[in-house]
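No experiment lies behind these values; they were computed from the predicted model shown. Order of listing sets the numbers, starting from 1, for every ligand and every atom in it.
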Amino acid sequence: MKTKFISIQEALDTGKGEVSIRGWAHRQRGSNKLKFVVLRDVSNIIQCVLKKEDLESQWDEIDKIQVETSLQLTGTLAKDERAPTGYELKVKKVDIIGTSDKFPITKDQSYEYTLDMRHLSIRSRKMIATLKIRSTIFGAIHEYFRAKGFYEYHSPSFTPNAAEGGSTLFKVDYFGKEMFLTQTWQLYAEAGIQALEKIYTIAPSFRAEKSKTSRHLTEYWHAEMEEAWTSFENLQDHAEALLKLIVSKVLKENKKELEILGRDLKKLEPTIKKAFPRMTYDEVLKILETNANMKIPWGKDLRTIEEDELSKMYDTPIIVTGYPKQVKAFYMKEDPDNPKVVQGFDIIGPEGYGELVGASQREEDIDKLIEEIKAEGGDPKEYEWYLDARRYGSMPRGGFGMGVERIISWICGLDNIKDAIAFPRTMTRTHP
Ligand code: 4AD
């Protein structure tokens with residue numbers, strides 16, 4: 001008869017009787033008579049006891065079990081308070097499926113070494129927990145937009161245009177012609193909403209970030225939405241509701257993973273319960289001056305240290321509107337009440353996790369757009385196709401982009417964004 005395997009979590013939930021499980025040796029220790037193997041599968045870990053007297057004929061093989069050997073085990077469950085997950089499997093039958101060389105990842109290695117070996121360190125309990133939360137977050141983003149009637153829509157990764165400034169563009173030799181890797185789907189999304197009205201995507205964006213920070217990747221997953229006929233307030237409401245849904249889904253579905261990561265749930269709960277503070281750039285300057293003695297001349301973008309200082313004063317994300325025109329992208333709509341600022345907003349994450357969302361209403365006035373493209377050093381001829389969105393039936397429009405790894409870093413309480421993705425890419429990290 002074919003053996004029916006159950007997950008380790010199901011075995012722990014059952015708590016008694018005979019079960020068959022399979023997975024990888026997470027830890028192992030023992031003597032020449034007795035072996036303790038902590039078995040790991042995607043669901044959990046369990047301590048398994050292998051006795052020579054019960055498994056005499058296979059003992060030579062069992063004696064060679066190393067960390068990460070893959071195994072199928074059948075045995076009887078028993079409660080054991082000393083075991084890491086409260087139960088022990090007394091093993092009767094062992095099948096060694098894949099042997100393992102001496103596993104190179106051990107506790108005391110440097111962070112950089114674990115990144116060099118990410119194809120193996122991906123199996124760590126913290127990485128598994130983070131990747132499960134990542135999956136919940138992607139699911140929540142799809143759920144949010146689909147429930148609100150948005151279509152999933154896709155844009156090319158090779159593009160002839162800059163959208164977020166030339167300094168972070170990756171150039172690609174495209175059969176002898178210069179192309180770029182996309183920084184955002186936005187220009188294509190603006191064409192798309194004149195067909196589909198409400199659209200979203202989750203796709204990789206590329207930024208040639210020369211900064212080595214704990215928040216920047218050169219390739220990151222970008223959740224973006226674009227909407228026809230939208231208003232500036234509506235955009236802020238969407239971004240806030242999406243963040244609330246993401247956090248509430250993770251709190252519901254990933255309690256165990258958050259515990260493995262040592263995340264304090266109290267730090268996440270205010271995001272669901274409280275309205276996010278909404279304030280203008282001008283108000284931020286005043287708050288920083290009064291409460292943190294930071295004097296920022298009007299017109300300067302907020303730097304990381306200033307965003308971090310602000311984020312310390314609140315326990316939810318903060319929506320900052322009304323940035324000076326000169327620090328923001330060419331496509332942002334000039335505020336009709338104040339031509340010096342734009343109808344754009346950033347959402348600053350709590351606990352110093354930086355900018356989570358960048359958003360704006362889009363400029364509808366074609367002459368202003370052309371002026372701004374020139375001011376950023378672009379050639380309006382290259383943007384002719386984009387400008388057609390204004391020539392043929394323009395309307396109010398807006399959208400935002402959310403850096404998914406920034407959200408994961410914050411929710412999981414990670415020290416570095418590189419741990420929010422399986423195989424990170426940064427200026428210096430290109431392998432494996
Ligand atoms: O603020 P950004 O540059 O906005 C845009 O790209 C808009 N076109 C989006 C839109 O309106 N559709 O980027 C959006 C978000 C940032 O708030 C940040 O969370 C994330 O993308 N981000 C990065 N995440 C990781 N590594 C990087 N190098 C990032 N650069 C931006």
- For atom 11 (O) of ligand 1, which candidate among Glu209, His222, Arg362, Glu226 holds the nearest heavy atom?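 Shortest heavy-atom distance from atom 11 (O) of ligand 1: Arg362.
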
- Message: For atom 12 (N) of ligand 1, tell me which residue out of Met402, Met332, Glu405, Glu224 has the closest non-hydrogen atom.
- Response: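 Considering heavy atoms of Met402, Met332, Glu405, Glu224, the nearest to atom 12 (N) of ligand 1 sits in Glu224.
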
Looking only at the aromatic ring of each residue, does the gap between the centers of [Y] and [X] stay below 6.0 angstrom?
X: Tyr200; Y: His154; answer: no
X: Tyr383; Y: Phe330; answer: yes
X: Tyr323; Y: Tyr281; answer: yes
X: His222; Y: Tyr220; answer: yes
X: Trp24; Y: Phe103; answer: no

I need the nearest protein heavy-atom contact for [atom]: residue, atom name and distance, please.
atom: atom 5 (C) of ligand 1; answer: Glu164 OE2, 3.3 Å
atom: atom 15 (C) of ligand 1; answer: Gly401 O, 3.6 Å
atom: atom 29 (C) of ligand 1; answer: Tyr220 CE2, 3.5 Å
atom: atom 26 (N) of ligand 1; answer: Leu217 N, 3.1 Å

Counting each atom of ligand 1 from 1 as listed, which ones have a heavy atom of [X] under 4.0 Å away?
X: Arg207; value: 2 (P), 3 (O), 5 (C), 6 (O), 13 (O), 30 (N), 31 (C)
X: Gln186; value: 7 (C), 8 (N), 10 (C), 11 (O)
X: Gly399; value: 11 (O)
X: Glu355; value: 1 (O), 16 (C), 17 (O), 18 (C), 19 (O)
X: Gly358; value: 1 (O), 9 (C), 11 (O), 17 (O)
X: Leu356; value: 17 (O), 19 (O)
X: Val357; value: 17 (O)
X: Arg215; value: 25 (C), 26 (N)

Any N/O of [X] closer than 3.5 Å to an N/O of ligand 1?
X: Gly403; result: yes
X: Ser360; result: no
X: Thr184; result: yes

- Is the closest side-chain donor-acceptor distance between Glu372 and Tyr331 under 3.5 Å?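 No pair is found: no donor N or O on one side chain lies under 3.5 Å from an acceptor on the other.
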
- Query: Quick check: are there more than 12 heavy atoms from other residues, nucleotides or ligands sitting under 6.0 Å from CG of Asp101?
  - Reply: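 Count not over threshold, so no.
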
- Taking atom CD of Glu112 as the centre, report whether more than 12 heavy atoms of other residues, nucleotides or ligands fall under 6.0 Å from it.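 Yes, enclosed.
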
- Give the contacting part of Tyr200 toward ligand 1: side chain, backbone, both or neither, where contact means a heavy-atom distance below 4.0 Å.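 Neither part.
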
- Centre of Phe36's six-membered ring, under 6.0 Å away, within 45 degrees of the axis: is that where NZ or CZ of Arg29 sits?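 Arg29 over Phe36 ring: yes.
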
- Item | Residues Glu351 and Arg263 bridged, charged N to O under 4.0 Å |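 Here Glu351 pairs with Arg263 in a salt bridge, since their nearest N and O are under 4.0 Å apart.
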
- Query: In chain order, what residues pass the salt bridge (charged side-chain N to carboxylate O under 4.0 Å, His left out) check against Glu164, with sequence neighbours excluded?
  - Reply: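 So Glu164 forms no salt bridge (charged side-chain N to carboxylate O under 4.0 Å, His left out) with any residue.
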
